[in-house]
S.K.: 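First, the structure itself, so that you have it in front of you.
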Amino acid sequence: MFKKILIANRGEIAVRVIRACRELGVLSVAVYSDVDRASLHVRKADEAYHIGKANATESYLNIEKIVDTATRCGAEAIHPGYGFLSENAKFAQACADAGIKFIGPSPASIDLMGSKTRARREMQRAGIPLVPGTSAGVESYEQAQQTARQIGYPVMLKAAAGGGGKGMRLVHSPEELKPALESAQSEAGGAFGDSEVYLEKAIINPRHIEMQILADEHGNVVYLGERECSLQRRHQKVLEEAPSPIVGAEMRKKMGDVAVRVATAAGYSNAGTIEFLVDENKNFYFLEMNTRLQVEHPVTELITGLDLVHLQIRIASREKLPFQQEEIRIRGHAIECRIYAEDPDNHFFPSPGKITLLLSPSGPGIRRDSGMYEGWTVPLEYDPLLAKLIGYGADRQQAVGRLLRALNEYFVGGIKTNISLFLRILSDPDFQAGKLDTGFLDRLLARETPVSADGNSEIAAIAAGIFAVLDSAPNSSQVSTGTLSPSSNGMAPSTWKKAGRTEALR
Amino acid sequence: MFKKILIANRGEIAVRVIRACRELGVLSVAVYSDVDRASLHVRKADEAYHIGKANATESYLNIEKIVDTATRCGAEAIHPGYGFLSENAKFAQACADAGIKFIGPSPASIDLMGSKTRARREMQRAGIPLVPGTSAGVESYEQAQQTARQIGYPVMLKAAAGGGGKGMRLVHSPEELKPALESAQSEAGGAFGDSEVYLEKAIINPRHIEMQILADEHGNVVYLGERECSLQRRHQKVLEEAPSPIVGAEMRKKMGDVAVRVATAAGYSNAGTIEFLVDENKNFYFLEMNTRLQVEHPVTELITGLDLVHLQIRIASREKLPFQQEEIRIRGHAIECRIYAEDPDNHFFPSPGKITLLLSPSGPGIRRDSGMYEGWTVPLEYDPLLAKLIGYGADRQQAVGRLLRALNEYFVGGIKTNISLFLRILSDPDFQAGKLDTGFLDRLLARETPVSADGNSEIAAIAAGIFAVLDSAPNSSQVSTGTLSPSSNGMAPSTWKKAGRTEALR
Amino acid sequence: MNYEVRIDDKLFHLELDRSEGQWHCKLNGTAINIDAVLTRTNVLSILLEGKAYEIKRELTINGLHLWVGSSHYSAEVRDPRSLRHRKDGTAGNKGPQMLTAAMPGKVVRVLLQEGAQVEAGQGILVVEAMKMQNEIKSPKAGRIQKIMVATSDAVNAGDLVAIVE
Amino acid sequence: MNYEVRIDDKLFHLELDRSEGQWHCKLNGTAINIDAVLTRTNVLSILLEGKAYEIKRELTINGLHLWVGSSHYSAEVRDPRSLRHRKDGTAGNKGPQMLTAAMPGKVVRVLLQEGAQVEAGQGILVVEAMKMQNEIKSPKAGRIQKIMVATSDAVNAGDLVAIVE
């Protein structure tokens, strides 16, 4: 086992990996940019080093600086988390060159899966089911036209180096193809520095289901069951669950076996995820492989009882998998909500700023992986993921009930979050019935926001008055709400922040 | 299913039951005494009613007032939690008389198990293994002398109406018997209003292992596995875990079958616990039955994936158990730490007062059932249990690692807690090896407290200085540490409480 | 104390007094029996005829917000005695409109110039934060009187960025 | 700023200055390169040569306490310039001893009377809270000069309950 691990990430995932290190008796090293000095991962780590400016290219994406920091502090391994450098083969290679173990697959596996067209070719060779389409980049409009005609409209254009919906276009008919191809190529070029796009049969309102695998460095590969990730907005996952409401034992075994074959074909080691598209007849097609820990790994942890980060670290230190496929036991149901700093009432615009009040849920069946704390200012430079709230239950219904309960207990003041969106999703009859596809969320959002009909305006009015009385009371350091003027930094005036009367007032 | 349930309790267990109600879509009603208006269970419930003075006999033990409150607010059922009226047959009867469902067993079952001597007689008749001894109260010193000679010294004197170690005496030799008998009778009389004591063979340093059962009102009874509760101080449990490190599948089945027979013989329904003493040869003996939800029920919930409070409510609403014995799957390991407001460095004296700072752990494998919040004043009138921290792991070692990690994240400022005791217990090599018995904790505590040898005095000195600089900085509402004088209520001066500078200072 | 309270678009007249630890409350002239405890800063527990409410208060540049359980209410409190009150957040579509940044970020594009005519809903400039772009749009048809920022400028939430007349 | 800091039984001389957002620190004359951020009230994050420390501060009637991670240190800070400092908690066993309640509670028994002789460690009165009884004992052999409380009295933590001379 390693003695010291550097975590090349920030936010909730850095905290999550630091916790795993501590649980294993391994020292943890945080790195941070200019705006992250006060972030939770710096508070929680055993060591912490500054690596550059707020802009990620000058800090969390700075390979040289990170590898150098690891070398100088004596870290034997680097955990990349997700995002940032986690799927960067150059980074994995730079670690190896510096004699530092990269906690993840080999650079070759990352490279293979990083190119969607190359991955398609390799997987085709290994006999993995693929969505019909090209396994090489589109060379010309004419070629695209011909392929589209062969596989039949609608078709999907996708960036070979893609991700996050960038360079992706749904094409319903021949006349849409040309402009779509051009804009997809241009967008892919802008986003990834690589304008290659390829063409697939479009599956309309598919389910997005993925399979978690673990592979050690001794050739053992197992699958840990699937996750249903169909709830997406702009091709970004919002809520994930395990198991999928439509996957039974037989289908799980089939998908799991395919996932193991994918990993084996890719010479894969460590934790990885094989994404599948599933059509209405439960046919599943290989979509891509994510060569890292996923944001949504906790739902798999809850239904299997395993700790994926512990296992990642053990695998990287060349331990063998401590169990065989038939020992893995799936029990119960888990659902994850991604809590973002964004405003669901205003086009999901990001909402960085200072967290002035934080009430966090806990209790039975609730896991909270968070990177925030009261008093912390959410920086505007990074992904707005603040925390993940995961509910577990003996069955899906209980998991939903517990999450609804916990979401009602959750309060983040000072910034906007999407907590209210999850209350809507989890209360939705279709969601509760397990009727999910990738179009679900757009349809939900297109419906009118239900007016808060709980009729508590009277209570709100009385509360507003009581706060005003308390503010104006002698011996109170709080200023009256009547005299407050908005300050320029998006937060309450500083006199307000200093207020702290907490005694009972009855 | 009920529409509204009253919770006749306070603290963490009231919050836990309120959460279960909310998860099931049932309205919850809290009751509170004079000093509990600001307590968490009042904040979290749908309704809350004042029931009397701080003294529990005038509030949480006031049967008439509680039943009357339930009737008036239209509650169809009452959950008694643990402690207070939870094992009071009169209360269960009063509920029934008022047409309110008591969420627990029948008054007759409570009565039977409430008298340890009567329970022994009934269980003897049902062929349950008992510690050798009398099954009737000791009638005279001579009779006690004769019985003790028959079963052999050492013997244990116990109060028939007993609990919590009151009226209990270990007798090593004939000459100790007379004074021990007299003092046990007097103590039992004082504590329970019933001076009856009985005599058992003393098992030295036994393990204390209990079996959770569930029985519906249609004759179905299942067991949910055992809990190891050997870590006790003054006969009070401190840390519990499941499964027991010494119980294998075969022994579990044997104990479980006996537990089911005990419940059946007692005509039992709802959740209950059968306590066993286990000697060095793994022989187990029926000790008593707790006719309520246990404080430590979460460890069973984590290894079975079930929610005992949901099931209690479902059973009380006359649903059938939703599973059979063979469907219950035990997976992983769970350990619970009872966080008390008490001072481990000063004879575990209670430490009520205001919580001035609260940092709570979360993350993988950590469940926290808490009744406290920052700013709350822990009242001095009740049991000092503040919260329960429960760690789950794929195996015992992982559960221990996660708990140690979480305990290091836990900070309760303003009052003393026993968090440091758990850090000692969980780091102890004997504990880690699973070598537990009821004498473990006394032996640990008898050893010198390890001096904090982490050598961080320098950091502490620098931090003390930095705090002083920040306090004295202009625009700060904090007073200097140099001028602070202790206030009379055991807490920091109120100017201190109002301090709230939280901006970055680098 | 007398207050005028606006909750979303409802107006309430509120009389509140505290004596001997008891609140006396009249809402629109009707006496209401309440019991209130501030459990921690900005978190109030109110009991009203047995019903328990947890109310959170939030103060942002967009004004005062109250959360009763998970339901959100925007609020405004006026103390008629003192005549002090919060300025209105939005003053209708008449007269010059002040456009402010809804979030802190960086100006990545200025789409129109001073003096240009705009339609209601037309974008004037684009602010980026957290990898997301936010187009600041004109609330009404009119003419851009002034643009206060340029490409690459950093803005804070609430900063005035343009005026449409 | 110069401070005398006592941590448990060790004394430190500390020089601290802040300029341009940087701390300059000398501990017992040795310059130390630290980086400190107050993350929230009473919670300090310090980096010292890469090592990260989370320090919690607690102020109770028993004085100032610091927690470095999970390790507890009692502390005392003196600012020589101002000559203000905390009074010593315990002043040795010489002279009259003030006995204070260690916890809030109710006096359930007074075991000795004013004027009585006591041994070191002998109980003088019993305070009950949370179902636990706490015997307040004499820290030295001597005579009870005064007892300030009677049976059934409520006491707060830190209240003076007796004096032994």
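Note on naming: letters A, B, ... go to the chains in the order of the sequence lines (proteins, then strands), and numbering restarts at 1 for each one.
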S.K.: Counting distance only, does the side-chain N/O of B:R331 pair as donor-acceptor with the main-chain N or O of A:R329 below 3.5 Å?
M.R.: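 Yes: the side chain of B:R331 pairs with the backbone of A:R329.
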S.K.: What's the spacing between A:D307 CG and B:Y392 OH if we round to 0.5 Å?
M.R.: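 Rounded to the nearest 0.5 Å, the CG-OH separation comes to 11.0 Å.
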S.K.: Quick check against the 3.5 Å criterion: does A:R367 have a side-chain atom that pairs as donor or acceptor with the backbone of B:G365?
M.R.: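 Between the backbone of B:G365 and the side chain of A:R367 there is no qualifying donor-acceptor contact (under 3.5 Å).
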S.K.: Side chain, backbone, both or neither: which part of A:I303 has an atom under 4.5 Å from a heavy atom of chain B?
M.R.: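 Contact with chain B: backbone only.
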S.K.: Which region of B:E12, side chain (C-beta onward) or backbone (N, CA, C, O), has a non-hydrogen atom less than 4.5 Å from a non-hydrogen atom of chain A, or is it both or neither?
M.R.: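 Neither part.
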S.K.: Measuring from atom CD1 of A:I366 to atom CG of B:D369, what distance do you get when rounded to the nearest 0.5 angstrom?
M.R.: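 One gets 11.0 Å once the value is rounded to the nearest 0.5 Å.
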S.K.: When heavy-atom pairs shorter than 4.5 Å are enumerated against chain B, which of A:L403, A:I330, A:D395 gives the highest number?
M.R.: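 The candidate making the most pairs under 4.5 Å is A:I330.
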S.K.: With the side chain counted from C-beta on, respond yes when B:R43 and A:L359 share a heavy-atom pair under 4.5 Å apart, and no when they do not.
M.R.: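 Yes, close enough: below the 4.5 Å cut-off.
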S.K.: Name the region of A:K388, side chain, backbone, both or neither, that has any atom closer than 4.5 Å to a heavy atom of chain B.
M.R.: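 Neither part.
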S.K.: Which one, B:L404, B:L306, B:T304, leads in non-hydrogen pairs under 4.5 Å with chain A?
M.R.: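 Highest number of heavy-atom pairs under 4.5 Å: B:T304.
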S.K.: Return the CZ to OG distance between A:R19 and B:S362, rounded to the nearest 0.5 Å.
M.R.: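 Reported to 0.5 Å precision, the distance equals 4.5 Å.
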S.K.: For the interface with chain B, which of A:P364, A:G332, A:A20, A:S370 has the highest count of heavy-atom pairs at distances below 4.5 Å?
M.R.: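 With the most close heavy-atom pairs to chain B, the winner is A:P364.
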S.K.: Heavy-atom pairs under 4.5 Å with chain A: which of B:R22, B:R405, B:E301, B:H310 has the most?
M.R.: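 Winner by heavy-atom pair count: B:R405.
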S.K.: Counting only non-hydrogen atoms closer than 4.5 Å, does B:T377 touch chain A with its backbone (N, CA, C, O), its side chain (CB onward), both, or neither?
M.R.: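 Neither part, no heavy atoms under 4.5 Å.
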S.K.: Within the supplied structure, the quantity of interest is the number of heavy atoms (other residues, nucleotides, ligands) at a distance under 6.0 Å from A:Q397 CD; does it exceed 12?
M.R.: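 Counting other residues, nucleotides and ligands, CD of A:Q397 stays at 12 neighbours or fewer.
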S.K.: With a 4.5 Å cut-off on heavy-atom pairs, point out which of A:G401, A:G363, A:A387 contacts chain B the most.
M.R.: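 Top count of heavy-atom pairs under 4.5 Å with chain B: A:G363.
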S.K.: If I take atom CD from residue A:E23 and atom CZ from residue B:R402, how far apart are they, to the nearest 0.5 angstrom?
M.R.: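 Output value for this atom pair is 5.5 Å.
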S.K.: Which region of B:P298, side chain (C-beta onward) or backbone (N, CA, C, O), has a non-hydrogen atom less than 4.5 Å from a non-hydrogen atom of chain A, or is it both or neither?
M.R.: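 B:P298 has no heavy atom closer than 4.5 Å to chain A.
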S.K.: Could you pull out the closest heavy-atom pair between B:G305 and A:A394, with the gap in Å?
M.R.: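 Heavy atoms only, the tightest pair is O-CB, 3.4 Å.
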